[in-house]
Amino acid sequence: MASMRVSEWRKLPVSLAELCIETTLRCGQSFRWKKLRDNEWTCALHGRILSLKQDSTHLHYKTTWPPVLSHTMTPPLSGHASPDLPIEDEQTENLLKHYLNLSPDLTALYEQWSSVDSNFKKRAPKFAGVRILKQDAWEALVGFICSSNNNIVRISQMVNNLCLHYGPLIAHIDDQPIHDFPSPEDLAVPGVEARLRELGFGYRAGYIAKTAIMVAKERPVGWLESLRNTESYNGSSDQKSLPDGGREGYRKAHDELLQLQGVGPKVADCVCLMGLGWGEAVPVDTHVWQIAQRDYKFGNGKGKHKSLTKATYDAVGDHFRQLWGKEAGWAHSVLFAADLKIFSERLNTKIEVDVDEVRIKKEDGSILESKVVVKRELVMEGQDEVLDEKKDIKVETSRSKRAKRRKL
DNA sequence: ATCTCACCTAAGAC
DNA sequence: AGTCTTAGGTGAG
């Protein structure tokens, strides 16, 4: 397995409020990121393998390139030559900035949503840094077709199988083959439905096979991409207020997606939001429907909106668009994450912090002054019962002082 | 327009 | 051990 190249770790300054990969990569918007080692996330993207890890000030990234021919890979974005970075690292940095969608000021958006919505304000603090990724639209489409009546773990397994059997091989890591995501053409071949059924896709096998044929053969080249929001992000929220059902381009994209097999309103909205850049798309699943009822008094009134019909679906979306504005789908994803079972530990975790000032008098008379911070994360059952405890002790400040001389 | 089912599968709850 | 429910829904009647 000759010479695949691995870059050095490089870093980008990013705070946890702007992006938290632990939450963002697990909250069900992408299904291919894997945690291979402690806090290290890996995924194949655009013909290379990307690894990410994060500390409180920086995002660190590393690229593994396929053995040969890496120069024939089309760069995802052309960038200006930089004196500091090798051209490939610069490409990867551009790819990352694009994929992670780093332009929107998430801190400002959280503040804005908190100022208009007390429920958001209450739930958001433990779910900072939930950012909507700019995923490939086709990948998002297939991933969310798989998501019906399904859970994140199984969706991830299915998508993984899809890549393994139909996606182009990129490289091996620890003898494990890593494949990229298959194109519509890769999946528009005879026998796909039967094979996917064998692979455990169930009734979604037919949806994927048919949708792949529609996209690859019955739509013009570039059709899916043409549905993308091309506006560059503009922070000012008081642009002409958002139309009731969202912008024209969003409605068009949504309508077009509904023509595909296995794509209903919810899946179409997931693709609009996470694959096509339409921030006002609000996917309403049973979960969000429950949130709407529980926290926003939906369906309480006189019989209207009793169940999640198409009319109710649209009304819920409109309500959240009106409340949160142009990036309603982003805010929706924060509350969605806050309701996921895989993150439920955070909700009953309380954090206790003890700070001790310690002074040690040394023999030479100087005083060593340090602050010992003991941080305990307690997983609670009810009010008093502690199920689990994680302790983190660190010496935060430490300095020597010359002994003060007593005045006589 | 709204409602009811069937549809794959695997894991957890009774 | 079986049965039921649930997990980011969709399509057909």
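Naming: A, B, ... by sequence-line order, numbering from 1 per chain.
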Spacing of the [atom1] atoms in [M] and [N] (rounded, Å):
N	M	atom1	answer
C:dT10	B:dA10	P	22 Å
B:dC3	C:dG8	P	23 Å
B:dT4	C:dT5	P	16 Å
B:dA1	C:dG9	P	23 Å

Remember a base hit wins even if backbone is also touched, and classify [X] as base, sugar-phosphate or nothing at under 4.0 Å, heavy atoms.
X	value
A:L340	base
A:Q29	base
A:V263	sugar-phosphate
A:G28	base
A:C146	nothing
A:L258	nothing

Legend entry - Heavy-atom pair with the smallest gap, counting every atom of A:R247 and A:E231: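 That would be NH1-OE1, 3.3 Å.
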[X] has an atom [atom1]; how far is it from atom [atom2] of [N], in whole Å?
X	N	atom1	atom2	answer
A:Y313	C:dT10	OH	C1'	12 Å
A:F336	C:dG8	CZ	P	6 Å
A:E193	B:dC7	CD	P	14 Å
A:I291	C:dG8	CD1	P	11 Å
A:N151	C:dG8	CG	P	7 Å
A:N150	C:dT6	CG	P	16 Å
A:M274	C:dG8	CE	P	13 Å
A:L196	B:dC8	CG	C1'	12 Å

Inset, instruction - Syn or anti for C:dG9, please, going by whether the chi angle lies within 90° of 0. - result: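 This nucleotide is in anti.
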Heavy atoms from C-beta onward define the side chain here; which of [options] lies closest to that of [X]?
X	options	value
A:R154	B:dT9, C:dG8, C:dG9	B:dT9
A:Y203	C:dG8, B:dC3, B:dC8	B:dC8
A:T309	B:dC8, C:dG8, B:dT2	B:dT2
A:I152	B:dC7, C:dG8, B:dC3	C:dG8
A:H287	B:dT9, C:dG9, C:dG8	C:dG8
A:F144	B:dC3, C:dT10, C:dG8	C:dG8

Legend entry - Residue whose nearest DNA chain C nucleotide is more 5′ - A:Y207 or A:D285: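 First, find each residue's nearest nucleotide; the 5'-ward one identifies A:D285.
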Within the pair [X] and [N], is there a side-chain N or O less than 4.0 Å away from OP1 or OP2?
X	N	answer
A:R197	B:dC8	yes
A:T286	C:dG9	yes
A:S307	B:dC3	yes

Legend entry - Matching residue for A:F320 among A:Y296, A:W113, A:F336, A:F120 - test: ring pair (Phe, Tyr, Trp, His ring centres under 6.0 Å):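 Between A:F320 and the candidates, ring pair (Phe, Tyr, Trp, His ring centres under 6.0 Å) is satisfied uniquely by A:Y296.
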Legend entry - ring pair (Phe, Tyr, Trp, His ring centres under 6.0 Å) partner of A:H319, chosen from A:Y313, A:W324, A:F298: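 It is A:F298; the other options fail the test.
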Legend entry - C:dA7: pairing nucleotide in any strand, Watson-Crick or G-U under 3.5 angstrom: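 The base-pairing partner of C:dA7, which may sit in any strand shown, is B:dT9.
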Inset, instruction - For residues A:K97 and A:L12, determine if any side-chain heavy atom of one lies less than 4.5 Å from a side-chain heavy atom of the other. - result: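 A side-chain contact exists here, since the closest heavy-atom pair is under 4.5 Å.
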Legend entry - Beyond-backbone contact of A:Q259 with A:R219, side-chain heavy atoms, under 4.5 angstrom: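 Answer yes - side chains close enough.
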Inset, instruction - Salt-bridge test for A:E88 and A:R48: reply yes if a basic N is under 4.0 Å from a carboxylate O, no otherwise. - result: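 The answer is no: the pair does not qualify as a salt bridge.
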Inset, instruction - Indicate whether any N or O donor in one side chain lies under 3.5 Å from an N or O acceptor in the other, for A:D186 and A:S183. - result: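 Indeed, the side chains of A:D186 and A:S183 share at least one donor-acceptor pair under 3.5 Å.
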